[in-house]
There are 2 protein chains.
Amino acid sequence: MSADLTRNQALVMKTLSGAEAPLSAYTILDRLRGDGLRAPLQVYRALEKLTELGLVHRLESLNAFVACAHPNCHEQELIAFAICEDCGKVEEFSDDVVKDRLDGWTRSHGFRPAKTTIEIRGNCGGCAGKA
Amino acid sequence: MSADLTRNQALVMKTLSGAEAPLSAYTILDRLRGDGLRAPLQVYRALEKLTELGLVHRLESLNAFVACAHPNCHEQELIAFAICEDCGKVEEFSDDVVKDRLDGWTRSHGFRPAKTTIEIRGNCGGCAGKA
DNA sequence: GACACAAATGTTATGATATTACACATCCTT
DNA sequence: AAGGATGTGTAATATCATAACATTTGTGTC
């Protein structure tokens, strides 16, 4: 699948895939210093490409990145994220009704959407129980 | 309405209300240096309070802030933002169907939502025409 | 293979956004 | 007046992101 990634891209991808929760660019950098990475730009450039390929998502409300949960079928649908503020885990889902409603709004307002962000912060099932 | 704001809060509120587009905390600070503000924290603290009061919204995908478009009826409904990347203008809207769908997802997944962000970046009617 | 172009890399420096820690002041209630 | 909650001022620092430049690697074409 992710066959033709470059070295840096593959390193960043592997780090994100193995992570339990979203990672900041600088955290990724720290985890890859052993592999020879030294500068933030090396990570940011890889992230830019991976995001473009749909393999990685940026979480705007966190300034952090996650590996896409559906790495094979990287449809560029509208994706929503549920982010647990306790354990950090992120769940990714799509909803066609939400998509249709937002599309309806933009169409009726002459707004041409480029990228849509939906992020729900809160506590996941496991963590909400404890609280 | 916004009667009992403190001096710094009122200054920040006035700056945001008078702005055409979202402002970063540092931009607000720069505009208020003449009024005696000197440190980022003075602005961030005011923003925190104003956000809490529902008078100001934070746009996560921009790291910037806008005055609420409905300053009187500050219902804490789910609000979506359409942000023009050209002219910077932001439109604010609500959609009960979207709200219901997201509520449905969280409920069925045992997720307890605290704050939801919906931001559509793109070009507004005016700017999309020119392109 | 040699050439040319696009893409990726490495490095340094800098810009932009946000918070911690601490001391002091103000307001409100009792 | 005492005490607590909230707001303020300031310095230092943490965190996130990009600009600018030189170089290298990969790819297609002849």
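Below, chain A is the first sequence line, B the second, and so on; all start at residue 1.
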Using rotation axes that map the C1' atoms of four end pairs onto the next four (five pairs an end), what angle separates the end axes of the helix from C/dG1-D/dC30 to C/dT30-D/dA1, to 10°?
40°
Is there a side-chain contact between B/Val66 and B/Leu23 (heavy atoms, below 4.5 Å)?
no
Between protein and nucleic acid, restricted to nucleotides 20-24 of chain C and to nitrogen or oxygen atoms under 3.5 Å apart, what atom pairs and distances do you find?
none

Per nearest nucleotide of DNA chain D, the residue lying toward the 5' end, A/Leu62 or B/Thr6, is B/Thr6
A/Leu11 CG to C/dG10 C1': how many Å, rounded?
15 Å
Below the 4.0 Å mark, does C/dA16 have OP1 or OP2 next to a side-chain nitrogen or oxygen of B/Asn63?
no
Could you pull out all residues at least two apart from A/Phe93 that satisfy ring pair (Phe, Tyr, Trp, His ring centres under 6.0 Å)?
B/Trp105
B/Lys115 atom NZ, over 12 foreign heavy atoms within 6.0 Å
yes
Protein-nucleotide distance (B/Glu60, atom CD; C/dA18, atom C1'), rounded to Å:
13 Å
Please give me every residue in residues 19-40 of chain B whose heavy atoms get under 4.0 Å of an atom in DNA chain D, ordered by residue number.
B/Arg38, B/Ala39
Is there a path of hydrophobic side-chain contacts, each under 4.5 Å between heavy atoms of I, L, V, M, F, W or Y residues, that connects B/Leu5 with B/Leu29?
yes
I'd like to check the side-chain hydrogen bond (donor to acceptor under 3.5 Å, both in side chains) partners of A/Asn8; sequence neighbours left out, ordered by chain and number.
none
I need the minimum non-hydrogen distance between A/Leu59 and A/Phe81, along with the two atoms involved.
CD2-CG, 3.6 Å
Under-4.0 Å side-chain N/O to phosphate OP1/OP2 contact, A/Gln9 with C/dA8
yes
Under 4.0 Å from a heavy atom of chain A: give me the 5'-most and 3'-most nucleotides of DNA chain D that qualify.
D/dC16 to D/dA20
Could you tell me whether the side chain of B/Ser94 reaches within less than 4.5 Å of the side chain of B/Leu78, counting heavy atoms only?
no
Mind checking whether B/Leu55 and B/Lys49 have side chains closer than 4.5 Å, heavy atoms only?
no
Does the side chain of A/Glu92 come under 3.5 Å of the side chain of A/His57 through a donor N or O and an acceptor N or O?
yes
Step by step, would you call A/Thr27 with A/Thr15 a side chain to side chain contact (heavy atoms under 4.5 Å, CB included)?
CA-CA 10 Å; A/Thr27 303; A/Thr15 304; over 6 Å; no
Rounded to whole Å, how long is the line connecting atom NZ of A/Lys49 with atom P of C/dT9?
10 Å
Quick one, A/Thr106 and A/Arg112 - any side-chain contact, counting heavy atoms below 4.5 Å?
no
Spacing of B/Phe65 atom CZ relative to C/dT17 atom C1', expressed in whole Å:
9 Å
Rounded to whole angstroms, how far apart are CD on B/Glu48 and C1' on C/dT19?
11 Å
Could you check A/Arg31 against A/Leu37 for side chain to side chain contact (heavy atoms under 4.5 Å, CB included), going step by step and ending with a plain yes or no?
CA-CA 9 Å; A/Arg31 296 198 183 176; A/Leu37 293 217; over 6 Å; no
Set out, in order, the CA-CA distance, both residues' side-chain angles and the distance that settles side chain to side chain contact (heavy atoms under 4.5 Å, CB included) for B/Ile118 and A/Leu102, then state yes or no.
CA-CA 10 Å; B/Ile118 302 183; A/Leu102 296 181; 4.2 Å; yes
Going by atom types only, do B/Ser61 and B/Glu119 share a side-chain donor-acceptor pair under 3.5 Å?
yes
Gap between atoms CG and P, on B/Leu47 and C/dA18 respectively (whole Å):
9 Å
